Each structure stands twice: as structure tokens, then as C-alpha cells.
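If you're wondering where the values come from, they're calculated on a predicted model, not measured in any experiment.
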Amino acid sequence: MELPLVSGVDGSESSLRAVDWAADEAALRGLSLRLVYASRWEQYEGTALARSLGRPSERALAGRIVETAAERVRRRRPDVDVSAEVTPEDAVTALLHEGHNAEALITGERGRGGLTGLLLGSVSLAVAARAPCPVVVVRGDRAGIEGVHGRILVGVGEPGEASAAVRFAFREAGARGCELDAVRAWRCPSHDRADHPRTVDEPHLYYKERAATLIDEAVAETVRENPTVRLHSATVEGKAARVLVQRSAAADLVVVGAHRHRGRLGLQLGRVAHALLHHADCPVAVVPLAA
């Protein structure tokens with residue numbers, strides 16, 4: 001049995017944009033959609049939302065929000081099987097639990113103050129860092145969210161880390177019938193430049209060719225399984241985070257592998273995924289290695 005998509009709901013505009021995106025994605029891939037409202041969501045993001053809506057009880061507020069979101073999906077995508085649930089957990093715990101039986105988790109960004117759209121909320125960041133399944137954070141400009149570019153972007157990481165993200169990106173490109181850009185950034189270390197003062201192009205050429213080889217190796221198996229997907233490969237000199245953020249302006253979805261490490265505050269995302277989740281101009285999919 002195919003697993004559903006799961007979208008977190010909290011009544012904010014950000015979460016409703018995520019619900020719309022999730023509804024379209026479910027219709028595109030022929031999946032059911034499950035909406036989840038965690039009744040302790042305000043523990044992470046503050047109680048201003050609940051107070052501003054003036055609801056007399058948390059339970060009444062939760063029920064109204066999740067049912068309104070479900071009806072929104074039915075109007076937008078009548079063909080999608082949608083269900084909704086209120087769970088008495090904090091948002092991160094609830095979504096991580098749902099992630100064990102989900103095709104993907106869909107969340108909105110959670111901006112604050114004058115920097116809305118740049119700063120990611122604690123719920124989305126924690127879920128992206130720890131979920132056992134792919135997580136899509138719906139953010140970016142209108143063109144990126146509405147998917148008008150006809151292009152999926154995947155950042156190709158180190159050997160052994162790229163396969164899950166590449167497979168996810170190919171599935172998305174195939175379902176949408178659009179082009180897939182596989183990109184790997186490269187940089188020439190300064191010590192290599194110093195070692196080759198008279199042949200500056202040689203170290204640059206080595207790292208550029210190595211990046212191209214890593215792309216070829218990362219996509220080799222998946223491209224054979226998806227012969228109809230139009231693949232474009234590119235190697236770009238520069239920092240990976242900056243390259244992918246810039247290219248996200250012309251993409252409908254950017255996909256990266258979840259390079260996680262354990263820090264003082266628990267599992268944390270790598271630098272590239274972290275930058276994309278805060279600054280990309282389109283939705284971002286973070287795919288764990290085993291996905």
C-alpha cells in the first residue's frame with residue numbers, strides 16, 4: 001500500500017500554502033493526503049496566533065483549523081483522498097512520528113517580523129533535520145511555489161550521499177514531465193593554486209572534471225530507470241550553498257540530501273540544506289540517505 005503525504009497545519013498563511021502545495025503534489029503522484037494539527041504547536045511558535053483568532057479553547061481552535069484545511073483541499077483537488085487529525089503532541093514530535101509512515105512530510109516556512117520569508121521557524125527546521133522520510137518546506141516566490149518554471153533542481157553531494165536525493169528528484173521530474181538539472185559546485189583549494197603558479201588552469205580543470213564525474217556516477221543508475229526524464233548536468237565553480245540558492249530562482253523544487261551531524265543541540269542539518277531552507281526561491285526537499 002502506498003504511503004500518504006503528510007502536511008502539518010497550524011492555521012497560518014504559511015501552513016495553508018503548504019497544504020495547497022501538498023494537495024497538488026498528492027494529485028500529481030496519485031497519493032492520499034493526511035493533514036495533522038499538533039495541539040501544542042504554539043509551544044514552538046508562540047501563542048499569538050491562537051489569541052488573535054479569539055477561540056475559547058485549544059480543542060475548538062484545532063478542530064476548526066484542521067477541518068477548514070481539509071475542506072480547502074477538497075475544493076482545490078476533489079480527486080485527492082484527504083484525512084485530518086488533531087494530535088495532542090508538540091508539532092515536532094507529531095510530525096516526526098508521522099514521518100515513519102509517510103511518503104513525505106510537507107511543512108510551511110515560519111518567518112518572523114520584517115524578515116518573513118528569510119527566517120525559518122523552529123518546527124520546520126527541526127523536522128527537516130530529524131525526519132526519517134523526505135521533508136518538503138514550502139517557501140519561495142510565487143512562481144517557484146506554483147511551479148511555473150518546468151524545472152527541478154538537485155544538488156549532487158558526495159559519493160554515497162547523493163543517491164536518495166537523486167532518485168527523489170527524478171521521481172518529481174518524471175511526475176511533472178519537466179526538466180531535471182543536476183548540479184554540483186566545485187572549488188579549487190588555495191593550496192592547489194599555489195602549487196601550480198604557472199599552470200593555473202590545471203588544478204581548476206581537475207576539480208571541474210571531478211565534479212562532472214561525480215554527477216555522472218550519481219545519476220547513472222537512476223537515469224537508466226527514467227529514460228523519459230530530460231536531464232541537464234552542470235558543474236559550477238563556487239560554494240554549493242550559494243550556487244543552489246541562486247539557481248533556485250529558476251526552479252519549482254530544489255532537492256538536496258540530508259547531510260546531518262550531531263551538535264550541541266542534537267541533530268543538525270549540513271550547511272547547504274540549512275542555507276536553502278532559509279533562502280531558496282522555491283520549495284526545498286531535504287531527503288535522508290535511506291529515503
Side-chain angles (χ1 to χ4, degrees), residues 104 128-129 133-136 149 151-174 176 178-196 199-261 267-291:
C133 68
V135 175
V136 178
H149 299 294
R151 178 178 292 107
I152 302 297
L153 174 65
V154 58
V156 177
E158 295 301 311
E161 296 180 359
S163 58
V166 167
R167 287 195 301 271
F168 185 92
F170 265 92
R171 284 200 300 268
E172 286 294 321
R176 297 163 184 254
C178 67
E179 183 175 318
L180 174 62
D181 281 352
V183 175
R184 180 172 174 87
W186 61 273
R187 301 176 72 194
C188 181
S190 57
H191 64 80
D192 275 7
R193 297 172 184 170
D195 291 343
H196 300 81
T199 55
V200 175
D201 290 341
E202 291 184 12
H204 283 73
L205 184 60
Y206 166 76
Y207 287 103
K208 182 177 181 179
E209 290 180 345
R210 180 176 180 271
T213 298
L214 290 175
I215 292 178
D216 290 342
E217 292 175 350
V219 305
E221 181 178 351
T222 313
V223 76
R224 288 193 295 269
E225 298 170 351
N226 299 268
T228 62
V229 173
R230 294 166 290 157
L231 175 67
H232 177 261
S233 300
T235 60
V236 183
E237 184 176 10
K239 295 181 178 180
R242 181 178 301 172
V243 167
L244 293 175
V245 167
Q246 289 175 343
R247 289 189 167 232
S248 71
D252 302 325
L253 178 71
V254 56
V255 183
V256 289
H259 180 64
R260 294 161 171 165
H261 59 87
L267 285 177
Q268 299 172 6
L269 287 171
R271 187 174 302 173
V272 174
H274 195 273
L276 285 166
L277 288 170
H278 283 80
H279 301 293
D281 288 317
C282 68
V284 180
V286 178
V287 183
L289 300 184

Checklist outcome for this item: side-chain contact (heavy atoms from CB on, under 4.5 Å) filter on A185, not counting sequence neighbours, yields A240, V243
Checklist entry - From E209 CD over to H204 NE2, what is the distance, rounded to the nearest 0.5 angstrom? => result 13.0 Å
Checklist entry - What's the verdict on side chain to side chain contact (heavy atoms under 4.5 Å, CB included) for V245 and L276, showing C-alpha distance, side-chain angles and the deciding distance? => result CA-CA 6 Å; V245 167; L276 285 166; 3.8 Å; yes
Item to check | Non-neighbouring partners of R210 that pass side-chain contact (heavy atoms from CB on, under 4.5 Å), sequence neighbours left out | outcome: E158, R184, Y206, L214
Checklist entry - Side chain of R151, backbone of D181: donor and acceptor closer than 3.5 Å? => result no
Checklist entry - In chain order, what residues pass the salt bridge (Lys or Arg N to Asp or Glu O under 4.0 Å) check against D281, with sequence neighbours excluded? => result none
Checklist entry - If we only count heavy atoms from C-beta on, is the V236 to R247 side-chain gap below 4.5 Å? => result yes
Checklist entry - Closest approach of A280 and V254, non-hydrogen atoms and distance? => result CB-CG1, 4.4 Å
Checklist entry - Does some side-chain heavy atom of F168 sit less than 4.5 Å from a side-chain heavy atom of L253? => result yes
Checklist entry - What is the distance from atom CG of L153 to atom OG of S248, rounded to the nearest 0.5 Å? => result 7.5 Å
Checklist outcome for this item: Contacts of R176 meeting side chain to side chain donor-acceptor pair (under 3.5 Å) (sequence neighbours excluded), chain-then-number -> E25, E172
Next on the checklist: Test of understanding: with ring-ring contact (aromatic ring centres under 6.0 Å, His included), list the residues that count as partners of H149, not counting sequence neighbours.
Outcome noted: none
Checklist outcome for this item: In this structure, CD of E237 is separated from OG1 of T235 (nearest 0.5 Å) by 9.5 Å
Next on the checklist: When you compare the side chain of D252 with that of C282, does any pair of heavy atoms fall below 4.5 Å?
Outcome noted: no
Checklist outcome for this item: Nearest heavy-atom contact between A273 and V286 is CB-CG2, 4.5 Å
Checklist outcome for this item: Residues A173 and L180: closest non-hydrogen pair is CB-CB, 4.0 Å
Checklist entry - Which residues pass the side-chain contact (heavy atoms from CB on, under 4.5 Å) test with E221, sequence neighbours left out? => result R224, E225
Checklist entry - Is the closest side-chain heavy-atom distance between F170 and V219 below 4.5 Å? => result yes
